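All residue numbers refer to positions in the sequence shown, counting from 1. From a predicted model like this one, the values you see are computed outputs, not experimental measurements. Both counts, for ligands and for their atoms, begin at 1 and track the order of listing.
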Amino acid sequence: MSLFTTKFTSRVVLNSPPFYLRKMARNMSTHYQNLLISRPDPAVLLITLNRPKALNALNKALITEIHQALDQAENDPEIGSIVLTGSERAFAAGADIKEMKDKKCTPAISHEKMILTNDVISVAEVYKSDFLHDWSRITRMRKPTIAAVSGYALGGGCELAMMCDIILASPTAVFGQPEINLGIIPGAGGTQRLTHAIGKSRAMELILTGRDITAQMAEAWGLVSRVVGDGEGEVVKEAVQVASTIASKGQIAIQAAKEAVNASYQLQLEEGLRLERRLFHSLFATKDQKEGMTAFAEKRKPVFTHL
Ligand code: CAA
């Protein structure tokens, strides 16, 4: 039986990353407390969130380790793309509520009262640290990122998936922004990225009611690029294949394409088109462009050198 299709049923096993990921991760040199890191393809870094007892709730330690792994990937010339995944039961069930619950911010009370209470310390802590700001490291990656989502992707988990360039979902995936049930709102991009992805009316409905949607609904609404076949590990297997395909292309063109697509969120159409044209022109200065077009004319596969 393939490592990717082995079936497990117990809740403990569903919470944990599959055996093949744990085995691959043992071979990697860097050790993390909350992540498994592996190279299913020499050009692909697979980052697996590994806080099974808390359904991969995103606490400070986990976010810090994700950033360390992303830095490792960005600085390694062998790596062309990154897959981020969780367990079968949860991609990530949101920001760690237990870690957040005692953070206070009480702007409604008077300044006099604030400085007489401990609240001023909490306000300062949340405000000065710009709580959640640093979560967006993944959006600044130059190398493409793919979220492979099984199970819960709620709150910060959904936001983390939306920070990736591509989302693939297993049929078990559940997406939602339930923060309203906690008396807060999404704080890591949910109100903005979800609205861009699925439109105002649908985003409003999800954010204001806190209800979840299935993988199939997420696909129909354009939140994920597609739902991948059934079975444990299938979504990770597919994500790794997509990542390998991306990593096999000329990496300068890949990064230029990513930059141009992302610019469509920031720029007016005319400016975006100008940026695209300039990036397109600049690629004619690369060896990969010569190789790609020569290989086509010679009816052979290109060998890109990323130069
Ligand atoms: N933070 C901390 N712990 C969490 C967690 C979270 N977001 N989600 C789940 N857990 C913990 C539970 O407390 C529980 O721990 P214990 O065994 O120690 O009690 C363990 O994970 C398993 O969870 P459940 O027993 O609740 O499992 P379930 O199958 O009954 O329910 C669930 C699963 C529907 C995902 C439920 O756990 C849940 O609703 N979680 C919270 C989801 C949520 O509200 N996310 C948004 C967080 S706020 C946010 O993300 C803000 C932002 O914008 C960044």
**Report entry** Gly155: numbered ligand 1 atoms lying under 4.0 Å from its heavy atoms
**Finding:** 46 (C), 50 (O)

Query - Region of Ala93 engaging ligand 1 - heavy atom pairs below 4.0 Å - result: both

Requested in this report: May I ask you to check if ligand 1 and Ile97 share an N or O to N or O distance below 3.5 Å?
Outcome: yes

Query raised in the report: If you count the non-hydrogen atoms of other residues, nucleotides and ligands that lie under 6.0 Å from CD in Glu99, is the total more than 12?
Result: yes

Query raised in the report: Given Gln177, Lys101, Arg51, Lys53, which one has a non-hydrogen atom that is nearest to atom 20 (C) of ligand 1?
Result: Lys53

**Report entry** Distance filter under 4.0 Å to Leu182 heavy atoms, resulting ligand 1 atoms
**Finding:** 44 (O), 47 (C), 48 (S)

**Report entry** Best match, Glu159, Met100, Glu99, Lys98: closest heavy atom to atom 14 (C) of ligand 1
**Finding:** Lys98

Query raised in the report: Hey, is Ala54 one of the residues with a heavy atom under 4.0 angstrom from ligand 1?
Result: yes

Report task. Please identify which atoms of ligand 1 are closer than 4.0 Å to at least one heavy atom of Glu179. Result -> 48 (S), 49 (C), 50 (O), 51 (C), 52 (C), 53 (O)

Report task. Taking only heavy atoms of Arg89 into account, list the atoms of ligand 1 that are under 4.0 Å away from them. Result -> 27 (O), 28 (P), 29 (O)

Query raised in the report: Given side chains that start at C-beta, do those of Met204 and Thr209 come closer than 4.5 Å, heavy atoms only?
Result: no

Query raised in the report: Sub-3.5 Å donor-acceptor pair from the side chain of Ser87 to the main-chain atoms of Arg89, do we have one?
Result: yes

Query raised in the report: Salt-bridged, Asp76 to Arg39, with N to O below 4.0 Å?
Result: yes

Query raised in the report: Mind checking whether Leu275 and Arg278 have side chains closer than 4.5 Å, heavy atoms only?
Result: no

**Report entry** Salt-bridge criterion met for Glu238 and Arg226 (N-O under 4.0 Å)
**Finding:** yes

